[in-house]
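Taking it in order: structure first as structure tokens, then the write-up.
Below, chain A is the first sequence line, B the second, and so on; all start at residue 1.
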2 protein chains.
Amino acid sequence: MTANPSPLALSNQLCFAFYSVSHAFSRAYRQFLDPLGLTYPQYVVLLVLWEQDELTVKEIGDRLFLDSGTLTPLLKRLENAGHIRRARDKKDERQVRISLTETGRALREKAEEIPKQVGCVLGLPVDELRALTEQVAKLRGRLHESASP
Amino acid sequence: MTANPSPLALSNQLCFAFYSVSHAFSRAYRQFLDPLGLTYPQYVVLLVLWEQDELTVKEIGDRLFLDSGTLTPLLKRLENAGHIRRARDKKDERQVRISLTETGRALREKAEEIPKQVGCVLGLPVDELRALTEQVAKLRGRLHESASP
DNA sequence: TACAATTCAATCGCGCGCAATCTATATGCA
DNA sequence: TGCATATAGATTGCGCGCGATTGAATTGTA
């Protein structure tokens, strides 16, 4: 794979790099998330809610590029764990609004150490991390555009 | 998420960027893989086999950072589709050796157009793609090292 | 040669990701 | 107002990823 010399396979290389690094990241986070009883996708949903509470399922999905097929069962698990509440919006009964419980809000402090610890193993200067993040987000944007023209 | 100003959240940003871009890539590949009846992970396994046939499950797993729990059922599906054969190694009965069928080898030609088509939407110069791929692979290496010291 | 330790693949269980479909609610328009 | 259309979320089905365990084959070693 990584030894393929063909320049035509370049997007294959890049795609696989992202595919494998995202799993590697997920594994790296797991050692810190396991003690909290969270998976990485659940953690990301909580990150969103810690930043802005009372979002609807759709709003969470827009931020994370996930649909209700993924989010509904995930949110139910977070609800069963006692971290969030799910309630139909009174003004628009189609929507389900997600709110943090006290437990869910409290989890934030413990979770705040995680990115620091993971960041250590990356061994890259902050500005490089920032540049890389931007570059990757830009690629994601292009892929999304081309998917829904 | 992307609006979080805290520098502490930088590895969160980067991890999420990889997480979301890898799904976006997988969706981009899907439109080309669907007609071939392949998923992205199946395609990646075939890429490996097209480069070197007669690998064992472990050897495939080493190249793709996947274990038998993922590969065994995936390979069975590729076998059912007629693309590969699975057979115990005569010299070491613990190993299962994977070989391409004629159908599986023939699939390569159709698949060869895919990275080109995906590459078009990325809109990045070749050397930038190459640099990005290397940088991401390096990060993956660091994450793997720190996982198994 | 016995027998413990290691290696390889298979199996099981669970949580995503996502396409497709369904239901309920809201909106737009004649 | 009445009905078509659109939207939000839930549900179903399938294919991963992966931790944990199992069973069989091999290797290392006393």
Side-chain angles (χ1 to χ4, degrees), chain A residues 16 18-31 33-35 37-45 55-62 64-81 86-98 144 147-148, chain B residues 16 18-31 33-35 37-45 55-62 64-81 84 86-98 143-144 147-148:
Chain A
F16 178 75
F18 287 141
Y19 165 83
S20 54
V21 84
S22 85
H23 290 311
F25 255 112
S26 157
R27 276 189 289 267
Y29 272 78
R30 187 169 305 130
Q31 59 181 309
L33 290 173
D34 267 352
L38 293 175
T39 65
Y40 178 73
Q42 289 167 11
Y43 169 70
V44 181
V45 167
L55 292 173
T56 67
V57 174
K58 172 132 189 43
E59 288 166 336
I60 295 174
D62 286 344
L64 301 179
F65 314 106
L66 297 173
D67 69 357
S68 72
T70 299
L71 284 175
T72 297
L74 185 156
L75 291 168
K76 283 184 178 175
R77 280 185 284 272
L78 281 180
E79 185 182 38
N80 288 337
R86 298 159 61 245
R88 287 279 164 187
D89 190 307
K90 281 299 158 210
K91 300 202 179 95
D92 185 342
E93 294 265 355
R94 288 173 305 181
Q95 303 182 123
V96 168
R97 211 158 277 279
I98 308 298
H144 281 158
S148 49
Chain B
F16 179 74
F18 286 141
Y19 165 83
S20 54
V21 84
S22 87
H23 291 311
F25 255 111
S26 159
R27 277 189 288 268
Y29 272 79
R30 199 185 339 264
Q31 59 180 308
L33 290 173
D34 267 352
L38 293 176
T39 64
Y40 178 72
Q42 288 167 12
Y43 169 70
V44 180
V45 167
L55 292 173
T56 67
V57 174
K58 172 134 189 45
E59 288 166 336
I60 296 173
D62 285 345
L64 301 179
F65 314 105
L66 296 172
D67 69 356
S68 71
T70 299
L71 285 174
T72 297
L74 186 156
L75 291 168
K76 283 184 177 174
R77 279 185 284 271
L78 281 180
E79 186 181 37
N80 288 337
I84 63 165
R86 299 159 59 247
R88 288 277 164 189
D89 190 307
K90 281 297 159 213
K91 299 202 178 94
D92 186 341
E93 293 265 354
R94 288 173 305 181
Q95 303 182 125
V96 169
R97 211 158 277 278
I98 309 298
L143 289 168
H144 281 158
S148 49

By nearest atom, which of the nucleotides [options] is closest to the [X] side chain?
X       : options                : result
B:Arg77 : C:dC16, D:dC16, D:dT11 : D:dC16
B:Pro41 : D:dC16, C:dA9, D:dG19  : D:dC16
A:Gln95 : C:dC8, C:dG17, D:dG9   : D:dG9
B:Lys58 : C:dC8, C:dG15, D:dC18  : C:dC8
A:Arg94 : D:dG9, D:dA6, D:dT26   : D:dA6
A:Lys76 : D:dC18, D:dT26, D:dA10 : D:dA10

- Applying the side-chain contact (heavy atoms from CB on, under 4.5 Å) test to B:Leu55, which of B:Val45, B:Ile60, B:Asp62 qualifies? B:Ile60
- Shortest non-hydrogen pair, B:Ala24 vs A:His144, comes out as CB-NE2, 3.9 Å
- Message: Ignoring hydrogens, what is the shortest heavy-atom contact between A:Leu71 and A:Val57? Give both atom names and the distance.
- Response: CD1-O, 3.6 Å
- Message: Assuming nearest nucleotide by heavy-atom distance, tell me which of B:Leu74 and B:Asp89 is located more 5' along DNA chain D.
- Response: B:Leu74
- With DNA chain D as reference, determine whether A:Pro73 or A:Asp92 sits nearer its 5' end, using the nearest nucleotide of each. A:Asp92
- Would you indicate what A:Ser26 reaches in the nucleic acid, counting non-hydrogen atoms under 4.0 angstrom: base, sugar-phosphate, or nothing? nothing
- Query: What is the nucleic acid contact for B:Arg97, judged by heavy atoms within less than 4.0 Å: base, sugar-phosphate only, or nothing?
  - Reply: nothing
- Any sub-3.5 Å donor-acceptor pair from A:Arg86's side-chain atoms to A:Arg97's backbone N or O? no
- Task: Ignoring hydrogens and angles, tell me if any N or O in the side chain of A:Ser22 forms a donor-acceptor pair with the backbone of A:Tyr19 under 3.5 Å.
- Result: yes
- Item | Nearest-nucleotide 5' precedence on DNA chain C, B:Tyr19 against B:Leu71 | B:Leu71
Once you round it to whole Å, what is the distance between [atom2] of [N] and [atom1] of [X]?
X       : N      : atom1 : atom2 : value
B:Lys90 : D:dA25 : NZ    : P     : 11 Å
A:Asp67 : C:dG15 : CG    : P     : 18 Å
A:Asp34 : D:dG19 : CG    : P     : 9 Å
A:Leu75 : D:dA10 : CG    : P     : 8 Å
B:Arg30 : C:dA20 : CZ    : C1'   : 13 Å
B:Leu64 : D:dC18 : CG    : P     : 11 Å
A:Leu66 : D:dA8  : CG    : C1'   : 16 Å
B:Asn80 : D:dG15 : CG    : P     : 10 Å

- Query: At under 4.0 Å, does any side-chain N or O of A:Thr70 touch on OP1 or OP2 of C:dG17?
  - Reply: no
- Query: Taking OP1 and OP2 of C:dC18, is either one under 4.0 Å from a side-chain nitrogen or oxygen of B:Arg27?
  - Reply: yes
- Quick one: do A:Arg94 and A:Asp92 make a salt bridge, cutoff under 4.0 Å? yes
- Message: Can you tell me whether the side chain of A:Ser68 and the base of D:dA10 have a donor-acceptor pair closer than 3.5 Å?
- Response: yes
